[in-house]
Protein chains: 2
Amino acid sequence: MPNNQFKKGELYSFITGKASTAIARRLQKKFNTSGLNLTIEQWSVLYHLWKQEGISQQELCNATFRDKPSITRLVDNLEKLNLVKRVPSENDRRINLIYLTRQSQKLQEESMALAEQTLNEALETVPAEKIEVCKEVLQVVYDNLK
Amino acid sequence: MPNNQFKKGELYSFITGKASTAIARRLQKKFNTSGLNLTIEQWSVLYHLWKQEGISQQELCNATFRDKPSITRLVDNLEKLNLVKRVPSENDRRINLIYLTRQSQKLQEESMALAEQTLNEALETVPAEKIEVCKEVLQVVYDNLK
DNA sequence: TTTGATTAGTTGTATAAACAACTATATGCC
DNA sequence: GGCATATAGTTGTTTATACAACTAATCAAA
């Protein structure tokens, strides 16, 4: 029994990700009250495009840890909102390259500020070294399971 | 800037809960390959009913951190699967008390074993004291935001 | 005791995720 | 070159979540 740390009450909240759900909800509310007409999931796609645009849907799948149908539909909705554009690759006609629009470029600064603000609220009172440990553990969990 | 610990790459995975998503997916796969015809969300409702049955839908909302429509529909689906039963309260006719069926009582042991197994896989190689810190941080995050 | 507010639960609508099945294009091997 | 296979993306279906609007029952206060 190498790491059997889980009494039942703790097991539940670890699996359901209560903390990350709470963070996402808080951020969504900030988006709404700031008039950003954007879901967290859409934001998470833009997030990666702000780092690098012109990547394929498959690369977005890998970056956002989603499957292909999920990305197809997120890109569908982002295109309807005029926030991204699909551009067929010239080298490989199977591939769509996803580009930002002028409109979504404008959203970056405000939405990222709200995200940072949310995390600061979430981690208020938590000392930096504990945050480090927590991030490290969550990364190991992800690596162990992916 | 009290706790501004987040460089951009880290911000993303904290918000999206990559780790808990990975855990939930792994557990879902274990359910599927074990022939447990059950979603993680349905399991999370049963989980609380195994601790105490005969509670109201509102109490399930609080326990599972979901809103009322979500619980209505989860209970709908659990009822279709013959895993729970709605029983109108005699004291307060607004309230449904939710009870387990014989069928769902049988699922407890196997599904809980799979959940523990999943967490052990997730946390393999993580020392116990780091797990403790991580759980503590996640609890504080939840309390800060709820 | 009646009326106004609160609480419990349901329904409608939009967005999203997982899985399977599908089309179209590209690649690799003979 | 031609065929098998792999890859990129789409579509269909089921389940789940969030929010708003709704019904029914209860409570509280004038």
Side-chain angles (χ1 to χ4, degrees), chain A residues 16-18 20-33 36-46 55-81 83-84 86-98, chain B residues 16-18 20-33 36-46 55-81 83-84 86-98:
Chain A
T16 56
K18 274 194 336 188
S20 60
T21 305
I23 292 173
R25 282 182 193 166
R26 173 67 61 96
L27 180 56
Q28 182 69 66
K29 273 178 191 153
K30 283 187 196 295
F31 281 3
N32 295 343
T33 58
L36 292 183
N37 179 27
L38 201 60
T39 68
I40 299 305
E41 293 82 3
Q42 291 164 357
W43 173 82
S44 80
V45 171
L46 294 181
I55 63 178
S56 70
Q57 294 186 199
Q58 182 58 54
E59 286 170 312
L60 280 174
C61 292
N62 301 337
T64 65
F65 194 41
R66 290 182 171 86
D67 69 357
K68 291 191 290 178
S70 298
I71 289 296
T72 292
R73 276 138 184 165
L74 279 172
V75 172
D76 285 349
N77 286 337
L78 285 166
E79 237 179 359
K80 278 183 211 153
L81 292 167
L83 296 176
V84 306
R86 284 179 167 95
V87 177
S89 163
E90 296 183 356
N91 306 329
D92 186 335
R93 292 194 308 169
R94 293 171 301 179
I95 294 180
N96 294 329
L97 301 177
I98 312 300
Chain B
T16 54
K18 273 192 340 185
S20 60
T21 305
I23 292 173
R25 283 183 192 165
R26 173 68 61 98
L27 179 55
Q28 183 69 66
K29 271 178 192 156
K30 282 186 194 296
F31 280 3
N32 295 344
T33 57
L36 292 183
N37 178 27
L38 201 59
T39 68
I40 299 305
E41 294 81 5
Q42 291 165 356
W43 173 83
S44 81
V45 171
L46 294 180
I55 63 179
S56 68
Q57 293 187 200
Q58 182 58 55
E59 287 170 311
L60 279 175
C61 292
N62 301 336
T64 64
F65 193 43
R66 291 183 171 87
D67 70 356
K68 290 191 292 177
S70 297
I71 289 297
T72 292
R73 278 140 183 164
L74 279 172
V75 172
D76 285 350
N77 285 337
L78 285 166
E79 237 180 0
K80 276 183 214 154
L81 292 168
L83 296 176
V84 306
R86 283 179 169 96
V87 178
S89 164
E90 296 184 356
N91 307 327
D92 186 335
R93 294 193 305 167
R94 293 171 302 182
I95 292 180
N96 295 329
L97 301 176
I98 312 300

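In what follows, every chain begins at residue 1, and chains take the letters A, B, ... in the order their sequences are listed.
Mapped onto DNA chain C by nearest heavy atom, B:Ile71 and A:Ile40 fall at different nucleotides, with B:Ile71 at the one closer to the 5' end. If B:Gln42 and B:Glu90 are placed on DNA chain D by their nearest nucleotide, the residue sitting closer to the 5' end is B:Gln42. For the pair A:Leu74 and A:Asp92, both in contact range of DNA chain C, the more 5′-proximal nearest nucleotide belongs to A:Leu74.
Side-chain contact, A:Ser70 with A:Asp67: a donor N or O sits under 3.5 Å from an acceptor N or O.
Residue B:Ser44 comes nearest to B:Arg66 through the heavy atom pair OG-NH1, 3.0 Å, listed as atom of the first residue, atom of the second, then distance.
For B:Arg94 against C:dT7, a side-chain-to-base donor-acceptor contact under 3.5 Å is present. In this model, no side-chain donor or acceptor of B:Arg66 finds a partner on the base of C:dG9 within 3.5 Å.
Applying the side-chain contact (heavy atoms from CB on, under 4.5 Å) test between B:Ile98 and each of B:Leu60, B:Val45, B:Ile55 identifies B:Leu60 as the sole match.
Distance alone, capped at 3.5 Å, is enough to place a donor-acceptor pair between the A:Glu59 side chain and the A:Ser56 backbone.
Following rounding to the nearest Å, A:Gln58 (CD) and D:dA6 (P) show an atom-to-atom distance of 15 Å. As rounded to whole Å, 13 Å separates atom P of D:dT15 from atom CG of B:Asn32. To the nearest angstrom, C1' of D:dA16 lies 17 Å from CH2 of B:Trp43. Between the CD1 atom of A:Ile95 and the C1' atom of D:dA8 there is a distance of 7 Å, given to the nearest Å. Rounded to a whole Å, the CG atom of B:Asp76 is 14 Å from the C1' atom of C:dG12. Remark: C1' of C:dA24 and CG of A:Asn96 are 12 Å apart, rounded to the nearest angstrom. Atom NZ in B:Lys68 sits roughly 7 Å away from atom P in C:dA8 (whole-Å rounding). Across the protein-nucleic acid pair, B:Arg73 atom CZ and C:dA14 atom P stand 13 Å apart, rounded to whole Å.
In this structure, B:Gln57 does not reach the C:dA8 phosphate: none of its side-chain N or O atoms is under 4.0 Å from OP1 or OP2. Residue B:Arg93 places no side-chain N or O under 4.0 Å from the OP1 or OP2 atom of C:dT7. For the OP1/OP2 pair of D:dT15 and a distance below 4.0 Å, the side-chain nitrogens and oxygens of B:Gln28 include no atom meeting the criterion. Dashed line: the shortest gap from a side-chain N or O of A:Thr72 to OP1 or OP2 of D:dT11 is not under 4.0 Å.
Using a 4.5 Å heavy-atom threshold, the side chains of B:Leu83 and B:Leu38 count as touching.
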